[in-house]
Protein chains: 2
Amino acid sequence: MRYKPGHNAERRQALLQTSGRVVKQNGFAATGVDALTQAAGVTSGAFYTHFASKAELLKALIESESQASRQRWDGDPQLSDDEWIATTLARYLHPDHVHHPESGCVLPALTAEIARADQDTRQVFEDGLRQVTAALSQRLGSDERAWAFLSQVVGAVLIARALPNEASQRQVLQASQQFIRQALAAAG
Amino acid sequence: MRYKPGHNAERRQALLQTSGRVVKQNGFAATGVDALTQAAGVTSGAFYTHFASKAELLKALIESESQASRQRWDGDPQLSDDEWIATTLARYLHPDHVHHPESGCVLPALTAEIARADQDTRQVFEDGLRQVTAALSQRLGSDERAWAFLSQVVGAVLIARALPNEASQRQVLQASQQFIRQALAAAG
DNA sequence: GTCTATAGATGGATAGAC
DNA sequence: GTCTATCCATCTATAGAC
């Protein structure tokens, strides 16, 4: 055979990773199939060997990005809960995360567009997200806190990214971090 | 003259209101100029009498929507701070707000796309947003709390909208509301 | 000021060569 | 499996009639 075994799966994986970066950076609707494949060094013709449509790519992206996020949220298992919270907040609510959506969490970048996708795509989103909140819940003590924690940090990064200067961005990130600490302290 | 005085300003205002609904519903990049103007009962040719480009519309939309949001956030001035917080949370974190982005806050719907706009547009965003946070700060006691409060509710509605079923959506809304109460209680 | 018509570019997706 | 070439629809924006 002309291609080594697993070539197909590898290429699909590469497409998911590179197009994930492009889409988080520029948005899903705003990005053409040409731009998606160009980042992986192939042309649009090759795209349709791996995905039935652009909409199918979004579903696959949500799965792929959820898995990546889940691993980032897990973090170092040796940390105490308090240490884990501190390092997680410091990393998620960091200016680097604001400046580099392409390598960051999928949620601030794509959730608004996922909200406009079909029911099937949103189900994939929920499945992926529940893995994240399950991990979060382990550290925070309840699902309720996990959802609220997630909402807070996603909202903060989302808003920070739309602000035009670094000072304002930091103001949001700092405020968010402080707020979370107070809420967690309040409930013991 | 064939048109009554103020016709131009009125029509522009009408375009802002109707296109605001369409854009919050379907996204800015995903909506063509035809769809924007169709909602106002005119054709795309008329659009360019009022706006130099589609990008200019986004800036005008951010101004317009910020003003509308600011008024909604203000609420009834006769309420006590606690009452104001309760009614504001109940309205913003309500399933109706999740189901109807077209008549809701601009932030969960468009912030991700604003984050990808040029510096000028994002400056307009900051100016509008600071009016909102100033009003919020009056009620909550500090700018810091205002930013965090806003991040929390925006993140919650954003995520809820992407979830496929009502039960999950309510879970996020409820968790966020509870979290905010705890954070505010913690700081007195 | 708004319309129809259209230019010019780009969108998603497919066909056939290799 | 990937390429080039292309179809057809849609996009932003403009021109000219009314």
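Reminder, nothing fancy here: chain letters follow the sequence lines and each chain counts from 1.
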Legend entry - Gap between atoms CZ and P, on F28(B) and dC11(D) respectively (whole Å): 13 Å
Inset, instruction - Please report, rounded to the nearest Å, how far the C1' atom of dT14(C) is from the NZ atom of K54(A). - result: 17 Å
Legend entry - D74(A) bridged to R70(A) by N-O distance under 4.0 Å: yes
Legend entry - Interatomic distance where CG belongs to L36(A) and P belongs to dT10(C) [whole Å]: 16 Å
Inset, instruction - In whole angstrom, give the distance that lies between atom CG of D34(A) and atom C1' of dT6(D). - result: 13 Å
Legend entry - Separation of dG1(C) P from R11(B) CZ (nearest whole Å): 11 Å
Inset, instruction - Please determine, for the side chain of V33(A), which listed nucleotide (dT12(D), dC3(D), dG12(C)) has the closest atom? - result: dG12(C)
Legend entry - Contact under 4.0 Å: T43(A) side-chain N or O vs dC3(D) OP1/OP2: yes
Inset, instruction - Just call it for T37(B): base, sugar-phosphate, or nothing, with non-hydrogen atoms closer than 4.0 Å on any strand. - result: nothing
Legend entry - K54(A) to F28(A), cation-pi by 6.0 Å centre distance and 45° axis angle: yes
Inset, instruction - Identify the residue among R161(A), H99(A), Q174(A) that makes a side-chain hydrogen bond (donor to acceptor under 3.5 Å, both in side chains) with Q169(A). - result: H99(A)
Legend entry - Nearest-angstrom distance from the residue atom CZ of R12(A) to P of dT2(D): 13 Å
Legend entry - Residue closer to the 5' end of DNA chain C, S44(B) versus F47(A) (nearest nucleotide): S44(B)
Inset, instruction - Quickly work out the L57(A) CG to dA13(C) P distance and round it to whole Å. - result: 11 Å
Legend entry - R170(B) with E166(B): basic N within carboxylate O range, under 4.0 Å: yes
Inset, instruction - Rounded off to whole Å, could you give me the OH-to-C1' distance for the Y48(B) and dT6(C) pair? - result: 14 Å
